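Start at 1 and go down the list; that is how both ligands and their atoms are numbered. All of these numbers come straight from a predicted model, not from anything done at the bench.
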Amino acid sequence: MTGQQWCDGAAAVLGGAQSLMVVTGAGMSHDSGVPTFRDAMTGLWARYDPQELATETAFRNNPARVFGWYLWRWHLVRGVEPHAGYDALVRLESMFDDFLIATQNVDGLHCRSGSKAVVELHGSLEAFRCLDRGHPYDTANIAGLAVPTVEEVEPPRCPDCDSPIRPGVVWFGESLPHLAVGRAWSAVAQCDALIVVGTSALVYPAAELPEIVVRRGGPVVEINPESTPLSPRVTVSWPERAAVALPALVDRLMATRSGA
Ligand code: APR
């Protein structure tokens, strides 16, 4: 099929929706230069072991290594710009009264690009807090520590309780932020259609969101150059990059809405 045929097929699936949900993963940011987790060779987990870096135990065992790795990731995402697919999602939001983006990404690019209805299921690289009591920590105190290379950096201590400062991301084995989960799971219960972009659909509970719509026979469009466990079950699995597919899809939906 041609790109236009994929686009037309995806737009046909979404055309009648009144309420829309979008679920995004690391592939959404790949076209902005942010590495994914599982893409062969280029993914973060190909170069770093998640058990060594993305768990509370790892942080307690070696706070400087874990803190330094997140500072590097924070530096990286602060240096990139949202691509055209992010702008397309901002336009898409304006077309629906009932719209939500539930992202697994911690890079803040949806909000930076102007999307308003966003929940960050796995937290944010921008939201540092103390390990033991969760006291928020002013990132202005550490912005200068964010560096372009992965180095070991001893985390600062909380001014209120002296516990070490940690990144505000969800580590393996931790529960997702309750408010974000509440909004995402109530939105998915009532949305007419769902677009899932740039996720390997392997990590739960976030991977459950498109499954919920698939199970009730609702329209689901997947945008991912590679196939995933979801691909055979969704309505349209568009083998395309987010930065290419999303702008084309939104242009097509807008043209349909305006009767072109
Ligand atoms: N456009 C769309 N999708 C893309 C692109 C692109 N340009 N480039 C890569 N992809 C796809 C890959 O094919 C892959 O299916 O993005 C997906 C990225 O998968 P992962 O690296 O597993 O990222 P993600 O699904 O977000 O991981 C979920 O796992 O490690 C945890 O907390 C971490 O939030 C993360 C979660």
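- Nearest protein neighbour of atom 30 (O) of ligand 1, counting heavy atoms only, is W45 NE1, 2.9 Å.
- Heavy atoms of L202 come nearer than 4.0 angstrom to ligand 1 in no pair at all.
- Classification of the Y70-W171 ring pair by plane angle, with boundaries at 30° and 60°, yields tilted.
- The backbone N or O of P82 sits nowhere less than 3.5 Å from a side-chain atom of H110 that would complete a donor-acceptor pair.
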Apply the test side-chain contact (heavy atoms from CB on, under 4.5 Å) to residues E222 and S231: give CA-CA distance (whole Å), side-chain angles for both, the deciding distance (0.1 Å), then the verdict. CA-CA 7 Å; E222 179 183 47; S231 304; 2.7 Å; yes
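- The nearest protein atom to atom 9 (C) of ligand 1, hydrogens excluded, is given as D39 OD2, 3.2 Å; this is a heavy-atom distance.
- Contact between P225 and ligand 1 is present, with at least one heavy atom of the residue lying under 4.0 Å from the ligand.
- Of the listed residues (G198, G25, S32), the one carrying the non-hydrogen atom nearest atom 18 (C) of ligand 1 is G198.
- Nearest protein heavy-atom neighbour of atom 8 (N) of ligand 1: H30 ND1, 3.2 Å.
- A donor-acceptor pair under 3.5 Å is formed between the side chain of H122 and the backbone N or O of Q104.
- Ligand-side atoms of ligand 1 in range of F172: 30 (O), range being under 4.0 angstrom from any heavy atom.
- Taking atom 35 (C) of ligand 1 as the reference point, the nearest protein heavy-atom neighbour is F37 CE1, 3.6 Å.
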What verdict does the salt bridge (Lys or Arg N to Asp or Glu O under 4.0 Å) test give for D251 and R91, after you've listed the backbone C-alpha separation in whole Å, the side-chain angles of each residue and the deciding distance to 0.1 Å? CA-CA 9 Å; D251 288 346; R91 290 192 290 143; 2.9 Å; yes
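- For the pair S113/L89, no side-chain contact is recorded, criterion being any heavy-atom separation below 4.5 Å from C-beta on.
- With rounding to the nearest 0.5 angstrom, the CZ atom of R73 is 14.5 Å from the CZ atom of R78.
- Scanning the protein heavy atoms around atom 25 (O) of ligand 1, the nearest turns out to be T199 OG1, 2.7 Å.
- Here the shortest heavy-atom distance to atom 29 (O) of ligand 1, taken over R38, E240, Q104, belongs to R38.
- With a 4.0 Å cut-off on non-hydrogen atoms, H122 touches ligand 1 through its side chain and not its backbone.
- Remark: the backbone N or O of V77 is not paired with any side-chain donor or acceptor of D107 at under 3.5 angstrom.
- Judged by distance alone, with hydrogens and angles left aside, the side-chain atoms of N224 form a donor-acceptor pair with the main-chain N or O of T199 at under 3.5 Å.
- When hydrogens are left out, the protein atom nearest atom 15 (O) of ligand 1 is N224 ND2, 2.9 Å; that is the closest non-hydrogen contact.
- Considering backbone and side-chain atoms together, T228 places no N or O closer than 3.5 Å to any N or O of ligand 1.
- Across the listed options A243, A242, A206, A242 owns the non-hydrogen atom lying nearest to atom 1 (N) of ligand 1.
- Annotation for R133: atom CZ does not count as buried by contact number, only 12 or fewer foreign heavy atoms lying within 6.0 Å.
- Considering each of G85, A26, G27, the one bringing a non-hydrogen atom nearest atom 6 (C) of ligand 1 is G27.
- Of all atoms in ligand 1, numbered sequentially from 1 with element shown, those under 4.0 Å from a heavy atom of E226 are 13 (O).
- Contact annotation: D31 has at least one heavy atom less than 4.0 Å from an atom of ligand 1.
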Evaluation steps, side-chain hydrogen bond (donor to acceptor under 3.5 Å, both in side chains), between E126 and T139: CA-CA 7 Å; E126 292 278 347; T139 52; 4.6 Å; no
